[in-house]
Amino acid sequence: MRLPDGTDRAVPDLAAAMAELEARDRPRWVLPATEECYPDLLRAGVRLARCHDLALTESILLACAGTPGRPRNLAAAAARLHGLPEPADRPPPSRAEVPGLFELDRGSVPAGDPLAAAAAVYADQQRRLDADPHPERLRLLVAAESAGGLAAAEMTHHGLPWRADVHDALLTELLGPRPPAGGKPARLVELADEISAAFGGVAVNPDAPGSVVRAFKKAGIEVPSSRAWVLREVSHPAVPPLLRYKELARLWVAHGWTWLDSWVRAGRFRPEYVVGGVVSGRWATRGGAALQLPKTLRTAVRADPGWALVTADAAQLEPRVLAALSGDLRLAEVSGSADLYASLAADAFDGDRGHAKVAMLSAMYGGTSGGAGPLLAVLRKRFPHAVDYVEQAARTGEAGGIVRSRLGRTSPPPSEAWRALTGSAEQDDVTERRSRQAARNWGRFTRNFVVQASAADWALTVLAALRRRLTLTAPGAEVVFFQHDEVLVHCPAELAETVASEVDKAAAEASHLVFGPTPVRFPLQANIVDCYADAK
DNA sequence: ACAGACCGCGCC
DNA sequence: AAAGGGCGCGGTCTGT
């Protein structure tokens, strides 16, 4: 390792040496990639408070420079510095792979002098950060992203408390007993039979959309697809069992016994988070579909005996973010309410909360179906600054430009194919229409990007602030889940009140760090529960 | 037989 | 006039 004074020190036991330095100095460690080295440290019992993750930072800076998607590992970053060919990012580690402690041959650390390469890349990243129009914001983003890297590894290490017995009982109640391998649960077989009977005995495979559409056609009903929301409008005896089948089949296939076998061990669900896995800065996961846990399964998430779960859920984060981004004071005023949509409805939509929500979502997503057009017009009239903000972002995208989040996370430029399609001068009607549509599509993406990515800025900053605070006032508390705008902490029951109060403080801290002295409120509702399903 | 496209649905 | 953001995953279907 290299010390702050620039001297290199060879150590026989890296984990032990890092633990010692951590306890003494709490340094900000410069790590090639937290994802690769921190899990080993955690297993060795070493926890780091702060770091600068070279790979995550490189990824952010490449996006800022308009060149996203290049290899971001230390070896590639060092090669770029010297104008050499860039080695590709290492493929994601497979679950089966159990690498030894600190293997350096994973392709992501440069040969030769890795410490010198890390120092050079770190210095170069500092220079690029300084060159940004808002270096202080981008530095905050990099710090939060790096803290996110640490938090993600810790979450996988601790795991989300998961009661396999509760999960199994729920599956059995809904689907019948676990079928033998290759078999279908009894309840699904029954429903499939009901569906075929409702079609007059015609064999129908409810898993095959084409089969369902054909069966309806034979019955004299034309449906464009077999989507649930389409079928809901159809009056036919096969519809109720079909909808129930879809619901249960989904549970069985995605989160059934097979999922339980492969993802839950010793009372913990350990998904692998991919920090910054979405261009907007949201996280993704590898395997386990951790960010798509169906609400019905929350009942299986229970605190250990003597422990509690503290859930923290941001209420209507994105409209609040838009209020802060745009400086729309009237929308900021509406954000004073815990239920922003109710307050918005009272202000501009004759108390109709549904209308208020549709209008706001349409502004942020770019949709206008389902009668949203007139509602959007009301919103525009009443909150012109907020609506202008997203419409400006949409126009930038339509013109092929890039947009940035509050902290500076940058949208990718459109593809060459997009430029060719939208840029051609001479066009027949078909090309013209496609060109317009491609432009609109990209405009919707950039419109949403500014809001979604700034919301991710805020949520990531909350996570980092909460993690830091908990080590100080509630050591022993473990952040065990993070999903876009929601955090779960598992802690000894006597610490729960402290954790809940730190949740509040972390939200206030993040709001100030990210948006400065904004009048917009960002409530982060903390709940102390035994079972995730009981969280409000 | 296999890979990749498309479908449909879960979460935010 | 019409225009719905971001993901992961497992199913079927299609092309080779």
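Letters A, B, ... are given to chains in the order of the sequence lines, protein chains preceding strands, and every chain is numbered from 1.
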For [X] and [N], give me the distance from atom [atom1] to atom [atom2], rounded to whole Å.
X	N	atom1	atom2	value
A/E432	C/dA3	CD	P	18 Å
A/L317	B/dC12	CG	P	13 Å
A/D207	B/dC9	CG	C1'	13 Å
A/H484	C/dC7	NE2	C1'	7 Å
A/Y389	C/dG5	OH	C1'	16 Å
A/R286	C/dC7	CZ	P	16 Å
A/L375	C/dG4	CG	C1'	15 Å
A/L242	C/dG11	CG	C1'	15 Å

_Rounded distance (nearest 0.5 Å) linking atom CG of A/D313 with atom NE2 of A/H484_ =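 So the gap between those two atoms works out to 12.0 Å.
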
Give one of base, sugar-phosphate or nothing for [X], where a contact means two heavy atoms less than 4.0 Å apart.
X	answer
A/A284	sugar-phosphate
A/R436	nothing
A/G288	sugar-phosphate
A/S226	sugar-phosphate
A/S225	sugar-phosphate
A/A455	nothing
A/Q483	sugar-phosphate

*asked:* Between A/Y273 and A/E35, do the side chains contain a donor N or O and an acceptor N or O under 3.5 Å apart?
replied: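 No.
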
*Return yes if a side-chain donor-acceptor contact under 3.5 Å exists between A/R404 and A/T410, otherwise no.*
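Side chains of A/R404 and A/T410: pair found under 3.5 Å.
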
[X] side-chain proximity, nearest of [options]:
X	options	answer
A/N205	C/dC9, C/dT12, B/dG8	C/dT12
A/R444	B/dG8, C/dC7, C/dG4	C/dG4
A/K295	C/dG6, B/dC11, C/dG8	B/dC11
A/Y365	B/dG8, C/dG5, B/dC11	C/dG5

*asked:* Check for me whether the distance between the ring centres of A/F481 and A/H490 falls short of 6.0 Å.
replied: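 When the ring centroids of A/F481 and A/H490 are compared, they turn out to be at least 6.0 Å apart.
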
*Between A/V253 and A/N441, name the one whose nearest nucleotide on DNA chain C is closer to the 5' end.*
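Looking at DNA chain C, the more 5' nearest nucleotide goes with A/N441.
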
_Looking at A/R282 and B/dC12, is any side-chain donor or acceptor paired with a base atom of the opposite kind under 3.5 Å?_
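Yes, the side chain and the base share a sub-3.5 Å donor-acceptor pair.
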
*Side-chain donor/acceptor contact of A/Q292 with base of C/dG8 under 3.5 Å*: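 Side chain to base: pair found, below 3.5 Å.
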
*State whether A/R187 and A/E190 are salt-bridged, where the test is any N-O pair (Lys NZ or Arg NE/NH1/NH2 against Asp/Glu carboxylate O) under 4.0 Å.*
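Judged by the 4.0 Å cut-off on N to carboxylate O distance, A/R187 and A/E190 do form a salt bridge.
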
*Think A/R250 has a side-chain N or O under 4.0 angstrom from the OP1 or OP2 of B/dC9?*
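Looking at the OP1 and OP2 atoms of B/dC9, neither is under 4.0 Å from any side-chain N or O of A/R250.
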
*With rounding to whole Å, what would you report as the distance between C/dG4 and B/dC9 at their C1' atoms?*
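C/dG4 and B/dC9 have their C1' atoms separated by 16 Å.
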
_Check against salt bridge (charged side-chain N to carboxylate O under 4.0 Å, His left out), A/R137 and A/D457_ = CA-CA 10 Å; A/R137 294 185 194 174; A/D457 290 347; over 6 Å; no

